[in-house]
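All remarks here apply to the structure that follows.
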2 protein chains.
Amino acid sequence: MNKLKVYIADDHTFVRKGMIRLLNTFDRIGEVKEAANGNELIALVKKTIPDLVVLDLEMPEKNGFDTSKHLIDHYPEVGILILTMHTEEVFILNLIELGVHGFLNKSAEPEEVERALYAVADNDFYRNEIVNHALRSGVRRSTEASSAKLSPRELEILLLICKELTPHEVSTRLQISEKTFFNHRSNILGKIGARGNVGLVKYAYQNHLLELSA
Amino acid sequence: MNKLKVYIADDHTFVRKGMIRLLNTFDRIGEVKEAANGNELIALVKKTIPDLVVLDLEMPEKNGFDTSKHLIDHYPEVGILILTMHTEEVFILNLIELGVHGFLNKSAEPEEVERALYAVADNDFYRNEIVNHALRSGVRRSTEASSAKLSPRELEILLLICKELTPHEVSTRLQISEKTFFNHRSNILGKIGARGNVGLVKYAYQNHLLELSA
DNA sequence: AAAAAAAATGGGAGTTACTCCCATGTAAAA
DNA sequence: TTTTACATGGGAGTAACTCCCATTTTTTTT
């Protein structure tokens, strides 16, 4: 019987150490390694491929999303469990599409952590309330009038707005008329259900299009 | 030699458990109790007054700020250490003024945690980089031309803007003319160095006047 | 291949959201 | 007591929008 090799990446020492201590109490968990960010974790994986990785989303250097993408591209056999703080719906949907194997809230009980680890190792996917909630809201999105899936152009414009560019600056940079800019902006506002730039920036933050550190 | 009684409040199980595990390795730390939010912690304190408490800022029910206020009012002899995620300058300055005894980042090393606990127990205050940084930014605020210390009215208006209220709605609610609203808004923009609502919302997020979950 | 839907573009006309500069009373510092 | 910050407001002009409409291209569905 070979035990599971698990790597964890989280920049917060307490979370990391707490998780390691917990993992060591589980029967089927063997070697545990730790990393403070995505790059460190990828370096560990490069040396020896683990059975599972546990990833925080917000990390310096390389965040959980980019790390997941890299792992799925290069090491598809590794099970990925995402550690979340809040339930960032849209981000979670993106991660599910990307192919991660499960989600755990940082306030999860030890039993759930164990269940999640074994589910990913044995069945390839751990479905819990976080996933259900995200999927439910995803259904809502695609049936309701105000769908939140932005087109590439809209995303581009959203990001430029978030950089504090004026309408004139954006339209000049993109070589389109201000009219077109405003049309795009209105469409974005409609899709995300906001009234103006305030709601737009909040959407960007909540969907991790913008980071707190930037 | 009586050991230190420490209570910890944090809604994230991993952080809490990790901290408890760490505290148990320290020589001078005796009994450790835990709570998932401020109210639970206050209930514990009511029963037996501890030497130190370690508080997370973001918690359900009662957050770290309100909990600190309550403890300082009712149990001034208790040492308060705040556990922070990012370095929320404005919030930290408020907490220092309130009278908390120290700050620890969640990614702090075990050695620093031990140092901080003993410093608060022995000298009543633990001064580290987090505090220095907050104080420095506070000095900058009061000497530089573009001061970022908002007046109460300005803060009120900033928050209403962040709730996606229109200028008309804000001025109606506050019973002031739209002119006055715009004057306040301009002053805010000047102080925080922003061009419009985009920068304003970003400022609110970065200074934790707004939370990602909201 | 044909039809439909979504994406990207732009205009006319009107309203709202601002900016810049100025001014006043009041309260708190120096 | 003279500053300095705070909260309030006006006049006049500009930039930032909204609403409704229309065209072309690309992508998806049938």
Side-chain angles (χ1 to χ4, degrees), chain A residues 97 138 141-204 209, chain B residues 90 93-94 97 137-204 209:
Chain A
E97 281 173 33
R141 263 193 208 91
S142 49
T143 48
E144 265 187 22
S146 63
S147 157
K149 213 167 61 194
L150 303 180
S151 76
R153 196 57 154 177
E154 286 167 349
L155 197 62
E156 190 177 11
I157 284 170
L158 176 106
L159 259 12
L160 290 175
I161 292 173
C162 289
K163 282 188 179 170
E164 296 196 59
L165 300 193
T166 62
H168 179 255
E169 288 167 339
V170 175
S171 48
T172 304
R173 179 178 300 197
L174 298 182
Q175 309 243 63
I176 56 179
S177 85
E178 287 195 28
K179 286 292 168 191
T180 303
F181 164 81
F182 282 118
N183 283 332
H184 281 305
R185 201 189 87 115
S186 291
N187 292 336
I188 296 170
L189 292 178
K191 286 186 181 181
I192 68 181
R195 300 170 75 174
N197 279 345
V198 170
L200 202 136
V201 176
K202 284 165 83 170
Y203 172 86
L209 305 170
Chain B
V90 175
L93 283 176
N94 289 340
E97 279 173 33
S137 74
V139 171
R140 196 192 326 122
R141 265 189 209 99
S142 48
T143 48
E144 264 187 23
S146 64
S147 156
K149 210 166 64 193
L150 303 179
S151 75
R153 195 56 153 178
E154 287 166 348
L155 197 62
E156 190 178 11
I157 284 171
L158 174 101
L159 259 13
L160 290 175
I161 293 173
C162 288
K163 281 188 178 168
E164 296 195 60
L165 299 194
T166 62
H168 179 255
E169 288 167 337
V170 174
S171 48
T172 304
R173 180 178 298 198
L174 298 183
Q175 309 243 61
I176 56 178
S177 85
E178 287 195 29
K179 286 291 168 192
T180 302
F181 164 81
F182 282 119
N183 283 331
H184 281 305
R185 200 190 88 115
S186 291
N187 292 335
I188 296 170
L189 291 178
K191 285 186 181 181
I192 70 182
R195 297 171 77 173
N197 279 345
V198 169
L200 202 135
V201 176
K202 285 165 84 171
Y203 172 86
L209 306 171

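Numbers restart at 1 for each chain; the letters A, B, ... are given by sequence-line order, proteins then strands.
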Open item on the list: I need the residues from residues 162-182 of chain A with at least one non-hydrogen atom less than 4.0 Å from DNA chain C; give them sorted by number, or say none.
Closed with: I176(A), S177(A), K179(A), T180(A)

TODO: Take L150(A) and I192(A) through the side chain to side chain contact (heavy atoms under 4.5 Å, CB included) test and state the conclusion after the steps.
DONE: CA-CA 9 Å; L150(A) 303 180; I192(A) 68 181; 4.2 Å; yes

Rounded distance (Å) that lies between atom [atom2] of [N] and atom [atom1] of [X]:
X	N	atom1	atom2	value
R195(B)	dC20(C)	CZ	P	11 Å
H184(A)	dT18(D)	NE2	P	14 Å
L200(B)	dA17(C)	CG	P	15 Å
N187(A)	dT18(D)	CG	P	10 Å
L155(B)	dC6(D)	CG	P	12 Å
I157(B)	dA17(C)	CD1	P	15 Å

Task: Given dT19(C), dT18(D), dC6(D), the nucleotide with the shortest approach to the side chain of L189(A) - done: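 Per side-chain heavy atoms of L189(A), the pick is dT18(D).
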
Open item on the list: Using the side-chain heavy atoms of P152(A), tell me which of these nucleotides is nearest: dA8(C), dT8(D), dC18(C).
Closed with: dA8(C)

Open item on the list: Are there over 12 heavy-atom neighbours, none belonging to R195(A), within less than 6.0 Å of that residue's CZ?
Closed with: yes

Would you indicate, yes or no, if [N] has its OP1 or OP2 atom less than 4.0 angstrom from a side-chain nitrogen or oxygen of [X]?
X	N	answer
R185(A)	dT18(D)	yes
S151(A)	dA8(C)	yes
R153(B)	dT8(D)	yes

Task: Sugar-phosphate only, base, or nothing, as touched by I161(B) at under 4.0 Å among non-hydrogen atoms - done: nothing

So which heavy atom on [X] is nearest to which on [Y], and how close?
X	Y	value
C162(A)	L200(A)	SG-CD2, 4.2 Å
A204(A)	L158(A)	CB-CD2, 4.4 Å
E178(A)	S171(A)	CG-OG, 3.3 Å

TODO: Could you name each residue pair satisfying side chain to side chain donor-acceptor pair (under 3.5 Å) that touches residues 156-168 of chain A, not counting sequence neighbours?
DONE: R153(A)-E156(A), T166(A)-E169(A)

Task: Contacts of T172(A) that satisfy side chain to side chain donor-acceptor pair (under 3.5 Å) - sequence neighbours left out - done: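 Expected list: none.
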
Open item on the list: Under the rule for side chain to side chain donor-acceptor pair (under 3.5 Å), what residues qualify as partners of T180(B), not counting sequence neighbours?
Closed with: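 With sequence neighbours excluded, T180(B) shows a side chain to side chain donor-acceptor pair (under 3.5 Å) to S177(B), given in chain and number order.
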
TODO: State, with a plain yes or no, whether a side-chain heavy atom of F181(A) is found less than 4.5 Å away from one of L160(A).
DONE: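 In short, these two side chains do not touch, never coming nearer than 4.5 Å.
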
Task: Note, N197(A) side chain near V201(B) side chain (heavy atom, < 4.5 Å) - done: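 The answer is no, as the side chains (C-beta and beyond) never meet within the 4.5 Å cut-off.
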
Open item on the list: Protein within reach of the bases, or only the backbone? For nucleotides 20-27 of chain D, mark each nucleotide 5' to 3' as B, S or -, using heavy atoms under 4.0 Å.
Closed with: B-------

Polar-atom pairs under 3.5 Å, protein N or O versus N or O of nucleotides 27-29 of chain C: list them with distances, or write none.
none

- [ ] Verify side chain to side chain contact (heavy atoms under 4.5 Å, CB included) between I157(B) and L174(B), making sure each step is shown before the conclusion.
- [x] CA-CA 9 Å; I157(B) 284 171; L174(B) 298 183; 3.6 Å; yes

- [ ] Would you mind listing every salt bridge (Lys or Arg N to Asp or Glu O under 4.0 Å) that reaches into residues 179-189 of chain A, with sequence neighbours excluded?
- [x]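 Output for this query is empty, none listed.
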
TODO: Treating a pair as Watson-Crick (purine N1 to pyrimidine N3 plus N6-O4 or O6-N4) or G-U wobble (N1-O2 and O6-N3) with both distances under 3.5 Å, list the stems of 3 or more consecutive pairs that involve DNA chain C.
DONE: C:1-24 with D:7-30, C:26-29 with D:2-5

